[in-house]
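Here the structure is laid out as structure tokens; the discussion comes afterwards.
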Amino acid sequence: MNAAVPAPRKLRLATTSLAGCFGCHMSFLDIDERLLDLVDLIEFDRSPLTDIKHCGPCDIGLIEGGLCNAENIHVLREFRRNCKVLIAMGACAVNGGLPAQRNHIDLGQCLQEVYLTQPGLVGGQVPNDPELPLPLDKVHPIHEVVRIDYFIPGCPPSGDAIWKFLTDLLKGRTPRLGHPLLHFD
Amino acid sequence: MKQQTLLFDGLPVPFEEGQTIMEAAMAADIFIPHLCHHPEFKPQGSCKLCTVKASGRYVSACTMPAKDGMEVENNSPDLNDKRRTMLQMLFVEGNHFCPSCEKSGNCMLQALAYELEMLTPHFPQFFPNRPVDASHPEVLLDFNRCILCELCVRASRDVDGKHVFALSGRGLKKHLIVNSESGRLGDTDFSMADKAAHVCPVGVILEKRKGFAMPIGKRRYDVDPIGMQVERLANRSASEEEV
């Protein structure tokens, strides 16, 4: 009669930063003491916060950053395979953002200028270690490569916006960002 | 004579003979999303954001005259979906990188994207290569953000009488050009005193040395969403456009 109702299973959340600046992750931490409420509802899988290197089966994946190299695409596909719901978090994931500002420059010329011809460089060389992921010709937003379920724009989205979005999602509501939480800058 | 009225989403709204659907809506404090419309200039109906369904047909509210008894569908899921799709196409066609844009927070394109809850550009980005023109001592032209609304073209031609701007090319190749032999703004008689310097709804025509004057949180569309600013939009004058 009085058997304890088992606590609902915690949802597993994975996060990663691809071609981003970790600003969205910092903004995620800006939910401050609400993190304590959040960890009652979720547990972290792969994330810079746990240092788990590969994503296991998850309920929610939060992706910061766009795609600027081959490794970004591998990681994104790993997240898509494992996450039931995949969310693009921040301007770079949503539309390429700052890294995509190189898209009108030829990649070869860009590498040449940064590593070889820039004033003040002596004996520079374009990095070619086989361990380095190859850069993509252009930077792409993540929805151009895998299906994305939700988008949280902003550079970065505020802690309040991320909190509103996640709590809507965790409580089974359609996530919605109104004025002033929805912004692109 | 009997007062003429039309129905906006079922709401009767009086109007005066000669008013367009847009003018009748604005006078009644009803918001119809728009980009190329400006109360001071002749409407041309090119951006299609103001598309409404009048008596069952899709029309541009800024060019269609209001008629007695007309039923206008405006704020409906169907129309707002279409408008959002048009915004998404505008966003991917240019380079709209809001975090580095001086117009951010005061930009109508951005404000409409907020109003219509556009969370993603959805379509593949074009990432066009459009060099900026910094040749003018007072004004920077950043073509990356041009949405081809022709407000600067109309202002310069119809009010300033200078014909500084025009659109050239067709279809995907259509783009804003400057009327000087070099094609550079610095070689025209354009000045900050021109109407055309103050009409851009996005961040193409920018006064130099004035960027980011207003802190985030206090900019025009930080304060109220664009849908709540109908009265200001209806009464705006191009010389006061800039913050």
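Residue numbers start from 1 in every chain, and the chains themselves are labelled A, B, ... in the order their sequence lines are given, proteins ahead of strands.
The two atoms that bring His179(A) and Asp222(B) nearest to each other are NE2-O, 3.0 Å, heavy atoms only. Scanning all heavy atoms of the two residues, the minimum distance from Phe91(B) to Phe184(A) falls at CZ-CE1, 3.8 Å. Scanning both residues, Phe127(B) and Val139(A), for their nearest heavy atoms gives CE1-O, 3.3 Å.
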Note to self: Under the criterion side chain to side chain contact (heavy atoms under 4.5 Å, CB included), I'd like the reasoning laid out for Glu144(A) against Gln125(B): C-alpha separation, chi angles, the key distance, then a yes or no.
What the structure shows: CA-CA 9 Å; Glu144(A) 292 186 13; Gln125(B) 297 275 354; 3.6 Å; yes
Notebook entry, point to check: salt bridge (charged side-chain N to carboxylate O under 4.0 Å, His left out) between Lys103(B) and Asp185(A): does it pass, once the steps are laid out?
Noted result: CA-CA 11 Å; Lys103(B) 198 67 177 256; Asp185(A) 55 4; over 6 Å; no
Next item on the list: Begin from the C-alpha positions of His183(A) and Gln110(B) and carry the test side chain to side chain contact (heavy atoms under 4.5 Å, CB included) through to its verdict.
Entry: CA-CA 8 Å; His183(A) 61 88; Gln110(B) 187 192 56; over 6 Å; no
Next item on the list: Show your reasoning for whether side chain to side chain contact (heavy atoms under 4.5 Å, CB included) applies to Leu182(A) and Leu119(B).
Entry: CA-CA 8 Å; Leu182(A) 174 57; Leu119(B) 300 178; 3.6 Å; yes
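For a residue to count as touching a neighbouring chain, one of its non-hydrogen atoms must lie under 4.5 Å from one of that chain's; by this rule Asn95(B) does not touch chain A. Heavy atoms closer than 4.5 Å to chain A are found nowhere in Asn144(B), neither backbone nor side chain. Within the 4.5 angstrom heavy-atom criterion, only backbone atoms of Val223(B) (N, CA, C, O) approach chain A.
Between chain A and the options Arg130(B), His96(B), Glu115(B), His122(B), heavy-atom pairs under 4.5 Å are most frequent for His122(B). Listed options Asn129(B), Asp224(B), Thr120(B) were ranked by heavy-atom pairs under 4.5 angstrom with chain A; first place goes to Thr120(B).
Identified by a heavy-atom distance below 4.5 Å to chain B, the contributing residues of residues 100-137 of chain A are Ala100(A), Gln101(A), Asn103(A), His104(A), in residue-number order.
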